[in-house]
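What you see below is based on every heavy atom in this structure, not just the backbone, and it leaves out hydrogens, waters and symmetry mates. Please read these numbers as outputs of a predicted model, since none were measured by experiment. So that the names make sense, note that chain A is the first sequence line, chain B the second, and so on, each numbered from 1.
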Amino acid sequence: MFELARLKARGFRGFAGEREFEFDKPVVILFGENHRGKSSTLNAVEWCLFGDQCVGKKTGIPERLDWEVPNRHMPDRVVAVEAEFKSSDGTCVVRREMTGTGRRAAGTVTLTLPDGTRLDGDDAERRLNAVFRSSFRDFMTTVYQHQEAIRAILTAEPRERNDAIDRLLGLSEYRELLKGIRAAELEKAQRTMDSEFEHFRTRVKDRIDTYEKETKEQKSRAMAEGIPEVDITEEGALRWAKKILEVIHSLAQDLHVADFQVAEPHSYDEILEFREWAKNQTDNLWARSPDVEKQETLAKEQRHLATLKGNYEAANARETNAQQERDAFVRENGDEPTLAKRAADEQTRVSELDEEMREVNRRAKLVDEAIGYLRGAPTDTAMQRCPLCFNEVPNLLAHLEKEWEEKISKEVAELQRQREAHSSEIGRLDTLRGQLAKLEKDLDEARSDMKTCVSQVASVLGREIGKEDDPGALMNTSLAEIASELERIGQAIEEKRPRIRGVYDQLAKLRRIDETVNYEKKRAVVERLWETEEFAALDEIRDEAARLVEDVQAIRGCLAAASREEAENKIEAAGTALDENFRRMTNHPAIPGLVMEVTEDTRSGLNSYAFRSKEGTDPTRILSQGDLNCLALSLFLGLASATRDTQPFAFLMLDDPAQSLGSEAKQQLVGVLEDVAAWRKLIVSTPDDELRELLMANITKSKAVYDFVEWTKTDGPEIVRAP
Amino acid sequence: MSYEDRVPQQIEDIGQQVANRMALWEAIAKSFEENGADGVEDELVHRMADVREKFDDVLAKLERML
């Protein structure tokens, strides 16, 4: 058996610089306030032995999730823990180191055996298992009492308490395995698949019903349309196709269509293609028959000629109007030469008047100057002498003033009036000439349009049209001939139309047969789905899912049974010590003894623990927090006691065992530990002064105390070994 | 004895589908060792997802035949 003799820790969790502990007394007390490194000391022993096994979610311990091994305040993040174990064969030294964090973390382990052999890496790990013969699970249930295990059992929630007891019994892994299986929700996934399968089955059934209904309806319609029931089959469809083909062929001959292509269907699969071909062929035959072609040509010609006739009549009316307007204008105002001559005459008269005006003006100027002269004449004699001819004229000034007043001014006014009248007439004649020019132009255009139209009529009628011909009458004659021909052709076509209608009617019936048969075929295909390889494969896949669920359920049952079996074994092994320790620690008057039982929670498959007193009563409701603390300790110490002869480690580590105990219970606990100290070295961590004093006073084995005085980020715990 | 020993023993004791269930258990135990409860969940979900994928493929083929 191995005793813990020495521990060195550096950079591990609460530790910064290296600290060393010697466990050289039967009882070692780690004392100090919380968060000063006591638990880190005990955890360091565990980590040194088991490394990654005691870290992370796989431990099933909630506190070990995101558990940081390196001290987060140490810049180098280098961890080194060395533990020395003594046995009768000598000393084994385990040294575990780690650098980096997270995925970059790298660890090494070294084991030095009593004979000095030094092993590293995987060899060291393998030899560790062989030498100590203990798993992490066994270690935490029988060697190291985690303070969290007591804390967890104090909960009032039954599920969490069951979880805590599983943990105390080292059964957390079962619980985690069952949790993982439950979370996969395989039954739900299987139910979803079954539901989808059933939905598909229903859809198939619905589809069969739909096709069946459609078949019946189509068949009923077909028979109502005169199709014999015997023809509503694939063979019947082929017979109808053959008949239709013969009718189309005959029609083609009657319509004188030479390049007729025959496409007879040889199997039912070709019926759809035949129907399309026959429809197109019939449409083409009809469109290409000589009568129909002639009818279309004549109808086109008729439309064209009618349009041309309309154009001709419009052009004719326009020319007539232009001619009439122009003639009326000439009658009223004269033609262009007449208007031009009148304008020239007027212009000549204006020129003559201008000359007369100039003559009068010259005379007027002389009279005016003479009047001015005479008015300024210095003497009467001078006033009687004409300044132009120098003759003496009595009353010359008066005579000249009278002439100016009565003759010259009136003559000038009359000349001006005449000139204005002639100028105005010239303007009017110019306007008339412009109007006449416009009328002449309109007439020319109307004549040109008419000429073009007549040319077109000649082209359409295919003959020359002379001046003696009436294009309108010629067109009327032609239109009458076309209408007569169209009527004749129309009658001929009407005689053939029933045959074409017959073909279309036959084709419609063939389509009805085809659709009815198709619905029957679709129904048959869907009905055969159940016999397909795919359906068989689907059944097999569903079986595979069911097998997986069944196998997982079986494994889940095995896990539950194994967990319960192990729990029962451990409880049985710890039973006597559990009861005795519990009675001693609680000294509960109402609970003379305690029996622990395990059953399976049928819903979850997890262990469910129940307690009863030895008298058979249920003590759960009267168990205090302190009682539950005692229960956890009793269970741990009971398990440790049960394995005392087979256990490889000769020491127990208790972390804060008295966290919910009263003074009396603490005393009782120390009494129990006094007994345990007889067969195991004890390492007890506590922040409790009272427990420390009780241990110091009542444990009869020699003791050492490590005081965790202070803790700082940079230096970790300051530890003093009490003398 | 731990779960690694007890569960196979239980499977043997039941005596049905031993080979299949033992193989499945080994896969579950391995996933658990590697990634805890999440690993077990992932392993089983993955297995069912494989079945589901085949189911969807075949069902899609049958749907097309409808």
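Between chain A and the residues B:Ile28, B:Val40, B:Ile11, the most heavy-atom pairs under 4.5 angstrom are made by B:Val40. Of the listed residues B:Ala29, B:Ala37, B:Ser31, the one with more heavy-atom pairs under 4.5 angstrom with chain A than any other is B:Ala37. Comparing B:Gln17, B:Arg52, B:Glu33 by heavy-atom pairs within less than 4.5 Å of chain A, the highest count is held by B:Arg52. Considering only heavy-atom pairs separated by less than 4.5 Å from chain A, the leading option among B:Asp38, B:Ile14, B:Asp13, B:Asn20 is B:Asp38.
With a 4.5 Å cut-off on non-hydrogen atoms, A:Val204 touches chain B through its backbone and its side chain both. Heavy atoms of A:Val552 lying under 4.5 Å from chain B belong to its backbone as well as its side chain. Proximity to chain B is absent for every atom of A:Gln53, based on heavy atoms less than 4.5 angstrom apart. Heavy-atom distances place no part of A:Glu540 under 4.5 Å from chain B, backbone and side chain included. Looking at A:Ser563, there are no atoms closer than 4.5 Å to chain B (heavy atoms on both sides), in backbone or side chain. Of the two parts of B:Glu53, neither the backbone nor the side chain holds a non-hydrogen atom closer than 4.5 Å to a non-hydrogen atom of chain A.
Between B:Lys54 and A:Glu534, none of the side-chain N atoms (NZ, or NE/NH1/NH2) sits under 4.0 Å from a carboxylate O, so this pair counts as no salt bridge. Salt bridge absent: A:Arg191 and A:Glu196 never bring a charged side-chain N and a carboxylate O closer than 4.0 Å.
For the pair B:Arg21 and B:Trp25, the cation-pi criterion (under 6.0 Å, within 45° of the ring axis) is not fulfilled. Annotation: cation-pi pair A:Arg542/B:Phe55 absent, no NZ/CZ under 6.0 Å from the ring centroid and within 45° of its normal.
Residues that satisfy the side chain to side chain donor-acceptor pair (under 3.5 Å) test with A:Asp601, not counting sequence neighbours, are A:Ser604. For A:Glu212, the side chain to side chain donor-acceptor pair (under 3.5 Å) criterion is met by no residue, not counting sequence neighbours.
Outside the 6.0 Å centre-distance limit, the rings of A:Tyr144 and A:Phe136 are not counted as a close aromatic pair.
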